[in-house]
Amino acid sequence: MGYKVVVAGATGNVGHEMLNILAERQFPVDEIAALASRRSLGTEVSFGDRTLVTKDIEQFDFTGWDIALFAIGSDATKEYAPRAAKAGCMVIDNSSLYRYDRDVPLIVPEVNPEAVAGCTKRNIIANPNCSTAQMVVALKPLHDRAKIKRVVVSTYQSVSGSGKEAMDELWDQTKGMYVPSQEVAPKVYPKQIAFNVIPHIDVFLDDGSTKEEWKMVAETKKIIDPAIKITATCVRVPVFVGHSEAVNVEFEEFLDEDEARDILREAPGIMVVDKREDGGYVTPVECVGDFATFVSRIRQDSTIENGLNIWVVSDNLRKGAALNAVQIAELVGREVLKKG
Ligand SMILES: NC(=O)c1ccc[n+]([C@@H]2O[C@H](COP(=O)([O-])OP(=O)(O)OC[C@H]3O[C@@H](n4cnc5c(N)ncnc54)[C@H](OP(=O)(O)O)[C@@H]3O)[C@@H](O)[C@H]2O)c1
């Protein structure tokens with residue numbers, strides 16, 4: 001027996017990947033509904049070798065549906081997630097709306113699957129920010145061995161993290177660089193993204209950090225350990241898909257780089273590619289379409305007592321969003337709904 005599954009935001013970047021991953025992982029689906037805004041009513045989307053016709057979320061009745069994977073942004077989520085949850089459907093949400101709510105578990109299944117126990121309080125589970133998800137997968141097994149004191153992370157985030165309009169902006173601006181009559185002014189981003197990098201993701205906060213940086217701090221604490229000190233600088237780069245992160249970690253105990261490599265090789269969801277030679281590391285274009293979080297450039301930081309540097313790369317639409325959401329759905333199926 002399978003589940004009745006809703007994908008809300010089926011016409012978007014993340015929704016598209018959710019449908020792909022549900023099919024790839026053969027999630028036990030009895031019935032599936034693809035939802036988006038009224039603008040997309042009737043739009044066809046693929047689910048394995050089937051074609052689904054998108055419905056208007058406003059008209060949709062969630063009664064009798066088991067799981068709803070949401071990827072529609074915070075404003076629309078505020079309206080429709082409570083409606084789905086109230087109808088008895090377990091919402092797994094990709095927006096940031098519920099991530100910091102004490103009654104809503106924030107889950108990365110390789111890291112804190114036990115948090116699923118709290119999901120029936122509101123019938124909502126939050127999926128973390130894309131940059132947080134891949135980083136905590138890499139940090140957790142190291143934390144278990146040597147206890148992390150402090151993390152300094154710099155991100156190199158692809159434009160797909162800002163949705164499909166941002167991907168178009170990078171594409172059009174890049175073409176416009178070669179054809180002067182087709183120059184494209186920045187619209188999604190505050191400055192030109194083609195052939196550039198922008199040290200600004202989401203809104204600025206009073207202390208000078210950005211909301212994206214704050215999210216990495218708050219979410220890492222909620223998912224792994226509130227005692228970890230963390231500081232982040234989040235940067236948008238002209239890459240279509242795949243986020244990269246340079247992560248500096250300070251531990252309570254000494255952790256040798258070879259032992260760290262062995263621990264990461266054994267850890268769930270991680271693929272270590274770490275040869276000290278030309279090309280012996282992973283770059284974003286190589287991680288697209290993959291389930292794994294890749295870790296490269298594992299090396300001691302000898303400027304502090306117990307320091308390590310790592311390079312973490314993953315497909316932000318997959319581990320950063322859709323894959324993690326489907327893994328949560330699998331967890332809910334196993335631990336909560338128990339139909340399969
Ligand atoms: N991209 C990432 O790496 C990433 C990672 C983690 C979390 N997220 C989150 O996932 C969500 C979706 O991101 P995305 O990258 O997939 O964006 P996207 O490509 O711009 O797609 C947005 C989707 O939301 C739907 N939508 C927008 N307004 C709606 C409304 N009022 N009612 C119903 N549906 C509505 C759109 O439907 P129409 O086509 O009908 O407009 C579309 O299906 C966001 O909350 C984002 O923060 C994204």
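For ligands, and for the atoms within them, numbers begin at 1 and follow the listed sequence.
- For the pair Lys319 and Glu110, the salt-bridge criterion is met [side-chain N within less than 4.0 Å of a carboxylate O].
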Name each N or O atom in ligand 1 that is under 3.5 Å from a protein N or O, and give the partner atom and the distance.
from, atom 1, to, atom 2, distance (Å)
ligand 1, 1 (N), Ser160, O, 3.0
ligand 1, 3 (O), Asn316, ND2, 3.2
ligand 1, 16 (O), Asn13, N, 3.2
ligand 1, 16 (O), Val14, N, 2.8
ligand 1, 19 (O), Asn13, N, 2.9
ligand 1, 19 (O), Lys164, N, 3.3
ligand 1, 24 (O), Ala71, O, 3.4
ligand 1, 34 (N), Ser37, N, 3.3
ligand 1, 37 (O), Thr11, OG1, 3.2
ligand 1, 39 (O), Thr11, OG1, 2.5
ligand 1, 39 (O), Ser40, OG, 3.0
ligand 1, 39 (O), Lys164, NZ, 3.2
ligand 1, 40 (O), Ser37, N, 3.2
ligand 1, 40 (O), Ser37, OG, 2.6
ligand 1, 40 (O), Ser40, OG, 2.4
ligand 1, 41 (O), Arg39, NE, 3.2
ligand 1, 41 (O), Arg39, NH2, 2.8
ligand 1, 43 (O), Gly9, O, 3.2
ligand 1, 43 (O), Thr11, N, 3.4
ligand 1, 43 (O), Thr11, OG1, 2.6
ligand 1, 43 (O), Gly12, N, 3.1
ligand 1, 45 (O), Gly73, N, 3.1

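- Classification of Arg265 and Asp262 as a salt-bridged pair holds, one side-chain N sitting under 4.0 Å from a carboxylate O.
- A salt bridge links Glu58 to Arg38: one of the charged nitrogens lies within less than 4.0 Å of a carboxylate oxygen.
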What pairs of donor and acceptor atoms, side-chain ones from residues 289-301 against any protein atom, are under 3.5 angstrom apart with sequence neighbours left out?
from, atom 1, to, atom 2, distance (Å)
Ser296, OG, Val273, O, 2.8
Ser296, OG, Val282, N, 3.0
Arg299, NH1, Arg297, O, 2.9
Gln300, OE1, Glu257, N, 3.0
Gln300, NE2, Leu255, O, 2.7
Asp301, OD1, Thr303, N, 2.9
Asp301, OD1, Thr303, OG1, 2.6
Asp301, OD2, Asn248, ND2, 2.9
Asp301, OD2, Thr303, OG1, 3.3

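- The pair Lys149-Glu305 does not count as a salt bridge, with every side-chain nitrogen at least 4.0 angstrom from each carboxylate oxygen.
- Between the CG atom in Asn306 and the CG atom in Asp256 there is a gap of 11.5 Å [rounded to 0.5 Å].
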